[in-house]
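These notes concern the structure reproduced below.
Numbers here simply count residues along the sequence, with the first being 1.
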Amino acid sequence: MNTMISSISPKMASIATRDLYSITSKPLYLTHFRPLTCAAATTASSSLSSLARLVQHPPDLIKWVRKEGGFVHQSVKIAQVDPYGLGLVASDEIPKGSDLIALPHHLPLQFGSIETDGGDGAYSVLANLARQVPEELWAMRLSLKLLQERAKTASFWWPYISNLPETYSVPIFFPGEDIKNLQYAPLLHQVNKRCRFLLEFEKEVKQALENLKPDDHPFGGQDVDTSSLGWAMSAVSSRAFRLYGKELPDGTRINIPMMLPLIDMCNHSFSPNAEIIQEKVMGNPKMLVKVVAGTQIKQDEPLILNYGCLNNDLFLLDYGFVVPSNPFDCIELKYDGGLLDAASSAAGVSSPNFSSPAPWQQQILYQLNLDGQAPLLKVSIGGPELVEGRLLAALRVLLSNDMERVHKHDLSALKSLSVEAPLGISTEVAALNTIIALCVIALGSFPTKIMEDESLLKQNVSGSTELAVQFRIQKKSMIVDVMRDLTRRVRSLVSKESDTSRS
């Protein structure tokens, strides 16, 4: 991991001081393509928008949307939304159900189908590159289209693109020390995975662009490097929405990532006051993308969307912010017999047998996809479930010696924390105490404590350091909250067992 940090971070951090593209000396491209520069993010932001735009005085985005046939409510304006940066705000009260923004089909920026064989040479080059992008990094596909349009002097989308942030606060742009400051192995793995992908994909892009005819070059002869790819991927991952696109012959629609001008300036909340809908206009097969007021919006209130029920790993990776007290945040663990044996022993559970389950227990583990030829060993603690159902069911089953009692319950009951002690109070207490011990182990994997982190935030730290520390504080706080909840459940069960024995 340290090798990746040291080799990647300086390159990503140098974006602020150098051009992302090398312009060829051919005059042909200088008249049709725009040199691109941007900077690495250095400030913490909880918004899709920041104060620094690509150009100092970009075109008025609201006027452009209206000019191109879109609709923007007269009370919607772009304004500073402290502490998040630029966003959409209501200048007057807006009634519930009002249309706030409507974009006709030609305004969203999308790649289209990469399976299409037709198109010009430049499109074919982009399509071939897009096919090499793994599905989990879908943002990179649309990023290629964004870079192409950003390079064009006469791009239809330039009024929108020029309003995009010059910087992003996602971890791929963090200095190496702040990547380490995240302190959470699963996120460190994802950050380094994305950085490795950018380095490797840069090679693929350069190879694809070699010896192309001028008309076939998607970027007009300009070079594309890791920095430009990183900027574009961050722009797409933090702003694109996956909406219904092309309709198939059977009537189903394919989800297609789209960048939605103006709409993507709405900030995030799990209690939004607006929502995105797609509407089919009578007599027109194209979809209209709209934002509608889900509640009454007061004067000077920002327009808020829900980006999704995501954990803080994804919010930080894709959007560059952390949600405090995120109800969907969780920690990832690997289901491992040795780890569970150690946790249950530390919890005082007698004779744990996670490393050597009985055949009937192993069969249930197979049904839970925790055993077999291709098991899914990643389990989680936290989030709405508090404990992932597969992990809870496995603990309950492996801590029970009563095969008949286990087989009386279906897997859904064994996986549910709301089903109280399906295999008896003693088994339930042992299972919950084992999970509490796993939480203790997880907390111990962080080299700093919450109080130390909070003290660090009171100092004059950089934006990326602040984000990294906020992230790890929220992870630790979530673990502590889970431990408190499970401890209350254990005490309640012990109290019930004690009352039963007295009676």
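- Side-chain atoms of Ser492 do not come within 3.5 Å of backbone N or O of Arg488 as any donor-acceptor pair.
- Residues that satisfy the side-chain hydrogen bond (donor to acceptor under 3.5 Å, both in side chains) test with Gln299, not counting sequence neighbours, are absent from this structure.
- Taking the six-membered ring where the residue is Trp, Phe219 and His217 present perpendicular rings, their angle passing 60° and hence far from 30°.
- Ion pairing between a basic and an acidic side chain is recognised when a charged N comes within 4.0 Å of a carboxylate O; Glu135 and Arg242 show such pairing.
- In this structure, Arg141 contributes its side chain and Val133 its backbone to a donor-acceptor pair below 3.5 Å.
- Partners of Glu210 by side-chain contact (heavy atoms from CB on, under 4.5 Å), not counting sequence neighbours: none found.
- Across every non-hydrogen atom of Ser237 and Asp318, the tightest pair is OG-O, 3.1 Å.
- With sequence neighbours excluded, no residue forms a ring-ring contact (aromatic ring centres under 6.0 Å, His included) with Trp138.
- Between Val191 and Phe174, every side-chain heavy-atom pair lies at or beyond the 4.5 Å cut-off.
- Among residue pairs with one or both ends in residues 377-387, those qualifying as side-chain hydrogen bond (donor to acceptor under 3.5 Å, both in side chains) are Ser380-Glu388; sequence neighbours excluded.
- Every residue was checked against the side-chain hydrogen bond (donor to acceptor under 3.5 Å, both in side chains) condition with Lys415, not counting sequence neighbours, and none meets it.
- Under the 3.5 Å distance criterion, the side-chain polar atoms of Arg472 are left unmatched by any main-chain donor or acceptor of Tyr184.
- The side-chain contact (heavy atoms from CB on, under 4.5 Å) search around Ala343 returns Thr434, Ala437, Leu438, Ile441, not counting sequence neighbours.
- A distance of 10.5 Å separates CG in Asp313 from CD1 in Ile331, rounded to the nearest 0.5 Å.
- Partners of Tyr335 according to the ring-ring contact (aromatic ring centres under 6.0 Å, His included) rule, which considers only residues two or more places apart in sequence or in another chain, do not exist here.
- Applying the side-chain contact (heavy atoms from CB on, under 4.5 Å) criterion to Thr487, with sequence neighbours excluded, gives Ile436, Arg491.
- With sequence neighbours left out, the ring-ring contact (aromatic ring centres under 6.0 Å, His included) criterion links Phe446 to no other residue.
- With sequence neighbours left out, the side-chain hydrogen bond (donor to acceptor under 3.5 Å, both in side chains) criterion links Gln190 to no other residue.
- Looking at heavy atoms from C-beta onward, Gln183 lies out of side-chain contact with Phe471 at the 4.5 angstrom threshold.
- Ring-plane geometry between Phe270 and His268 is classed as perpendicular, the angle between the planes exceeding 60 degrees on a 0 to 90 degree scale with a lower cut at 30.
- Side-chain contact between Arg239 and Leu164 is present, with at least one heavy-atom pair separated by less than 4.5 Å.
- Donor-acceptor pairing under 3.5 Å is lacking for the side chains of Gln474 and Gln470.
- Below 30°, between 30° and 60°, or above 60°: for Tyr160 and Trp64 the angle between ring planes is below 30°, a parallel geometry.
- With sequence neighbours excluded, the residues satisfying side-chain contact (heavy atoms from CB on, under 4.5 Å) with Asp371 are Gln362, Leu365.
- Checking side-chain atoms of Asp225 against main-chain N and O of Glu202 turns up no donor-acceptor pair under 3.5 Å.
- In this structure Glu136 satisfies the side-chain hydrogen bond (donor to acceptor under 3.5 Å, both in side chains) test together with Lys193, sequence neighbours excluded.
- Taking CG of Leu443 as the reference point, atom CE of Met478 lies at 9.0 Å (rounded to 0.5 Å).
- Within a 6.0 Å radius of NZ in Lys206, other residues, nucleotides and ligands contribute more than 12 heavy atoms.
- A distance-only check finds a donor-acceptor pair linking the side chain of Asn312 to the backbone of Val323 [under 3.5 Å].
- Using a 4.5 Å heavy-atom threshold, the side chains of Phe354 and Asp336 count as separate.
- Checked by atom type and distance alone, the side chain of Ser75 never pairs as donor or acceptor with a backbone atom of Ser91 at under 3.5 Å.
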